Amino acid sequence: MTTDKAALLRALHVPGNPLVLPNAWDAASARAVQEAGFPVIATGSAAVSQVLGYEDGEGTPVAEMMAAVARITRAVDVPVTADVERGYGLKPAELVERLLTAGAVGCNLEDSDPRTDLLVDVEAQAEFLADVRAAAGSGLVINARVDTYLHGDRTREAAVTRARRYLEAGADCVYPIVLGDAEEIRALVSEVGGPVNVLFRPGVPDLARLAELGVARVSYGGGLHRATYEYARGLIQAIDEGRSPYE
């Protein structure tokens, strides 16, 4: 069953017809995503960490993060891909074992150190991804985050170099996070030669346009959770002011 779900997740990465992932943060939000008809659940580390009472950037103990992922996989029938940041310091084989035990069939792995915000050496990251692939076989869909637009020199050349190397190492998709300019997305997609994930946020082209640009996957990261949290704060503020939160 796990292999079947991984194969389905992998097959849904289609350039021009992107897999859309409204990232969930707990079992209830994951069920809402499934009930809306989305074929895959993705977690977002920032949202899950906040729900658990920790800071993003691997502030969450790995056991708690994996337990959160397991609660989500038990709550839904569709494939689940988990954002596991830089891997929480686990060796590739142990990381894969924990993900599969939690029921995940995919993962995000970033190429910057969450504690320093410095980029990891490209060859060191490629080796890490290759080891994850070797441990997982086809049972895990690897989305390799490229952080050059976030912590690097923000050039397309740097992003493409890393993206190509990660695909060679066994990644299924690459994720140049915070890249949002339409023409840069188009150019990068054409140069990378593999599935590309874009983070949807204010200012990024809409879903139809991202499809035209050849994007294969669209994530919402922690955005939905932030919006939900702000809405909840407004309800609580209404109560504090003596108003009904339902009006």
Side-chain angles (χ1 to χ4, degrees), residues 9 12-13 18-30 32-34 36 38-60 65 68-69 72 76 78-88 99 104 106-114 117 119 141-152 154 159 162-163 166 171-182 184-185 188-189 195-207 209-211 213 215-232:
L9 172 57
L12 288 170
H13 289 70
L19 171 63
V20 178
L21 299 170
N23 296 67
W25 52 90
D26 60 10
S29 58
V33 173
Q34 177 176 278
F38 291 93
V40 173
I41 305 299
T43 71
S45 68
V48 174
S49 295
Q50 186 171 6
V51 167
L52 295 176
Y54 298 97
E55 294 297 321
D56 195 25
E58 299 198 347
T60 304
M65 181 59 74
V69 173
I72 288 171
V76 298
V78 298
V80 174
T81 180
D83 180 356
V84 290
E85 306 191 64
R86 173 89 183 109
Y88 302 100
L99 282 165
C107 66
N108 279 16
L109 289 167
E110 58 199 52
D111 67 348
S112 62
D113 185 327
D117 292 337
L119 289 169
V141 177
I142 301 171
N143 189 35
R145 212 175 83 173
V146 177
D147 287 2
T148 54
Y149 291 101
L150 185 64
H151 300 308
R154 297 175 175 79
R162 284 179 176 261
Y166 299 163
D172 297 281
C173 184
V174 291
Y175 185 12
I177 194 164
V178 306
L179 173 62
D181 178 78
E184 277 296 301
I185 292 171
L188 183 136
V189 166
V196 173
N197 184 178
V198 166
L199 174 67
F200 190 91
R201 57 199 178 99
V204 170
D206 63 23
L207 292 176
R209 181 64 173 143
L210 290 174
L213 297 172
V215 171
R217 173 169 169 162
V218 180
S219 301
Y220 284 73
L224 298 181
H225 177 258
R226 284 192 299 273
T228 301
Y229 179 69
E230 287 303 317
Y231 180 72

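Both backbone and side-chain heavy atoms feed into the values below; hydrogens, waters and symmetry mates do not. Being a predicted model, the structure only gives us computed values, none of them experimental.
A donor-acceptor pair is defined here as one N or O able to donate and one able to accept, closer than 3.5 Å; no such pair exists between the side chain of N108 and the backbone of D83. With hydrogens and angles disregarded, a donor-acceptor distance shorter than 3.5 Å links the side chain of E58 to the backbone of G87. Using a distance-only test at 3.5 Å, with no hydrogens or angles considered, a donor-acceptor pair links the side chain of S29 to the main chain of D26. No donor-acceptor distance shorter than 3.5 angstrom exists from the side chain of S219 to the backbone of L199, with no hydrogens or angles considered. Without hydrogens or angle criteria, N197 side chain to V174 main chain gives no donor-acceptor distance under 3.5 Å.
Closest non-hydrogen pair, P195 versus A216, comes out as CB-CB, 3.8 Å. For the pair P205 and L213, the tightest heavy-atom approach, listed with the atom from each and the gap, is CG-CD1, 4.4 Å. The shortest non-hydrogen separation linking P39 to P79 is O-CD, 3.3 Å. Across all non-hydrogen atoms, the minimal contact from V196 to P176 is CG1-CD, 3.9 Å. Of all heavy-atom pairs between T43 and A82, the closest is OG1-CA, 3.3 Å. Looking at every heavy atom in both residues, V78 comes nearest to Q34 through N-OE1, 3.4 Å.
Rounding to the nearest 0.5 Å places CG of D113 at 8.0 Å from CG of D117. The line from OH of Y166 to CG of L109 is 10.5 Å long, rounded to the nearest 0.5 Å. Rounded to the nearest 0.5 Å, atoms CD (E85) and CZ (R145) are 8.0 Å apart. Between L207 atom CG and R209 atom CZ the span is 13.0 Å, to the nearest 0.5 Å. Taking OG1 of T81 as the reference point, atom CD1 of I72 lies at 11.0 Å (rounded to 0.5 Å). C173 SG to L9 CG: the interatomic distance, rounded to the nearest 0.5 Å, is 9.5 Å.
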Begin with the C-alpha distance, continue with both residues' side-chain angles, and end with the deciding distance and a verdict on side chain to side chain contact (heavy atoms under 4.5 Å, CB included) for W25 and L224.
CA-CA 9 Å; W25 52 90; L224 298 181; 4.0 Å; yes
Are I185 and V198 close enough, and set up right, to give a side chain to side chain contact (heavy atoms under 4.5 Å, CB included), and what steps lead you there?
CA-CA 8 Å; I185 292 171; V198 166; 4.2 Å; yes
Full working for side chain to side chain contact (heavy atoms under 4.5 Å, CB included) between R201 and V178:
CA-CA 8 Å; R201 57 199 178 99; V178 306; 3.6 Å; yes
Set out, in order, the CA-CA distance, both residues' side-chain angles and the distance that settles side chain to side chain contact (heavy atoms under 4.5 Å, CB included) for Y149 and L188, then state yes or no.
CA-CA 12 Å; Y149 291 101; L188 183 136; 3.6 Å; yes
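Under a cut-off of 6.0 angstrom, the local environment of OH in Y229 is sparse, with at most 12 non-hydrogen atoms contributed by other residues, nucleotides or ligands.
For the pair V48 and T60, the minimum side-chain heavy-atom distance is 4.5 Å or more. For the pair F38 and L21, the minimum side-chain heavy-atom distance is 4.5 Å or more.
The side-chain contact (heavy atoms from CB on, under 4.5 Å) with N143 is formed by just one residue from the set R217, E110, H13; it is R217.
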